[in-house]
Amino acid sequence: QVQLVESGGGLVQAGGSLRLSCAASGRTFSNYAMGWFRQAPGKEREFVASISRNAFRIYYSDSGKGRFTISRDNAKNTVYLQMNSLKLEDTAVYYCAAAGRPGLYAVYSDSDDYDYWGQGTQVTVSS
């Protein structure tokens, strides 16, 4: 089992920034590709970003590209999502997830590829 705990969410004005963290425990963190997803009220959960086990590959959704940066620190068992230039439509609950798949360079955008999920952290962007 892998336990994931997100933090760093909150209320921010449009144009502002937030940095989300996701701390993992339970198994070897570097064995998992990591991803961030979000779910807005009344909408389906959507992919935001993914980072490979060795951090060599990164993949963003169109909504995050250019404004969000995913990173990981395998020594600290933590994955981050730096979000800049936040927009009203970024308001959502943000979830981190871990994918226990082989391959150091693999990234995943499909939620079905992820085995473990955190409880989520609320991000609210105000005008």
Side-chain angles (χ1 to χ4, degrees):
Q1 287 280 1
V2 174
Q3 291 77 43
L4 301 172
V5 179
E6 302 97 334
S7 61
L11 176 65
V12 62
Q13 286 192 324
S17 298
L18 279 176
R19 187 195 197 201
L20 306 182
S21 300
C22 173
S25 61
R27 290 191 177 176
T28 304
F29 181 67
S30 59
N31 286 346
Y32 294 84
M34 299 299 295
W36 285 97
F37 290 75
R38 67 186 184 184
Q39 187 166 19
K43 295 187 176 181
E44 293 187 353
R45 184 166 53 191
E46 66 169 343
F47 169 75
V48 175
S50 178
I51 187 166
S52 64
R53 289 168 55 187
N54 58 8
F56 275 36
R57 286 193 64 199
I58 288 173
Y59 180 60
Y60 296 101
S61 66
D62 288 343
S63 60
K65 199 175 300 181
R67 297 187 300 124
F68 295 176
T69 302
I70 188 172
S71 62
R72 67 188 296 161
D73 186 337
N74 285 348
K76 295 183 178 180
N77 296 343
T78 302
V79 62
Y80 305 96
L81 185 69
Q82 177 67 43
M83 305 187 294
N84 298 328
S85 303
L86 283 162
K87 304 176 181 179
L88 296 178
E89 52 265 40
D90 293 321
T91 295
V93 177
Y94 283 71
Y95 299 90
C96 72
R101 301 285 187 270
L104 291 174
Y105 298 89
V107 291
Y108 305 96
S109 60
D110 189 334
S111 60
D112 288 340
D113 288 322
Y114 289 85
D115 305 295
Y116 301 101
W117 294 81
Q119 82 290 346
T121 186
Q122 176 70 47
V123 172
T124 302
V125 184
S126 65
S127 58

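Model, not experiment: these values are computed from the prediction. Side chains included, hydrogens not; waters and symmetry mates left out as well; all remaining heavy atoms used.
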* Asked: For the atom pair CD1 (Ile58) and CZ (Arg72), what is the distance rounded to the nearest 0.5 Å?
  -> 10.0 Å
* Does the pair Lys87/Asp90 count as a salt bridge with the N-to-O cut at 4.0 Å? -> no
* For Glu6 and Gly118, work out which heavy atoms get closest and say how close. => OE2-CA, 3.2 Å
* Structure fact -> Residues Ala106 and Ala33: closest non-hydrogen pair is O-CB, 3.7 Å
* Structure fact -> Nearest heavy-atom contact between Arg53 and Tyr32 is CG-C, 3.4 Å
* To do: Kindly compute the distance separating OG (Ser52) from CG (Leu104), expressed to the nearest 0.5 Å.
  => 7.5 Å
* Structure fact -> In this structure, OG of Ser50 is separated from CD1 of Ile70 (nearest 0.5 Å) by 6.0 Å
* Results of ring-ring contact (aromatic ring centres under 6.0 Å, His included) for Phe47 - residues two or more places apart only -> Phe37, Tyr59
Indicate every side-chain donor-acceptor pair of residues 9-24 with a distance under 3.5 Å to a residue at least two apart or in another chain.
| unit_1 | atom_1 | unit_2 | atom_2 | d |
| --- | --- | --- | --- | --- |
| Ser17 | OG | Asn84 | OD1 | 2.9 |

* Asked: Looking only at atom types and distance, does a side-chain atom of Gln39 sit under 3.5 Å from a main-chain N or O of Ala92, one as donor and one as acceptor?
  -> no
* **Under 3.5 Å: donor-acceptor pair, side chain of Arg67, backbone of Ser85** => yes
* What are the two closest non-hydrogen atoms of Phe29 and Val79, and how far apart are they? -> CZ-N, 4.0 Å
* To do: Decide yes or no on side-chain contact (heavy atoms from CB on, under 4.5 Å) for Phe68 and Ser61, but give the supporting numbers first.
  => CA-CA 10 Å; Phe68 295 176; Ser61 66; over 6 Å; no
* Ignoring hydrogens and angles, tell me if any N or O in the side chain of Arg101 forms a donor-acceptor pair with the backbone of Tyr108 under 3.5 Å. => no
* Asked: If Ile, Leu, Val, Met, Phe, Trp and Tyr residues are connected whenever their side-chain heavy atoms lie under 4.5 Å apart, and connections chain through other members, are Val107 and Tyr60 in the same group?
  -> no
* Short question: side chain of Thr91, backbone of Val125 - any donor-acceptor pair under 3.5 Å? -> yes
* Answer with yes or no whether the hydrophobic clustering places Leu81 together with Leu4; edges join I, L, V, M, F, W, Y residues whose side-chain heavy atoms lie under 4.5 Å apart. => yes
* To do: Look up atom CD1 in Ile51 and atom SG in Cys96, then write down how far apart they are to the nearest 0.5 Å.
  => 12.5 Å
* Please report the C-alpha distance between Trp36 and Met83 in whole Å, then the side-chain angles of each, then the deciding distance to 0.1 Å, and finally whether the side-chain contact (heavy atoms from CB on, under 4.5 Å) criterion is met. => CA-CA 12 Å; Trp36 285 97; Met83 305 187 294; over 6 Å; no
* Is there a donor-acceptor contact under 3.5 Å from the side chain of Glu46 to the main chain of Arg38? -> no
* Structure fact -> Rounded to the nearest 0.5 angstrom, the CE-OG1 distance for Met34 and Thr78 is 9.0 Å
* Structure fact -> ring-ring contact (aromatic ring centres under 6.0 Å, His included) pairs touching residues 76-105, sequence neighbours excluded, are Phe56-Tyr105
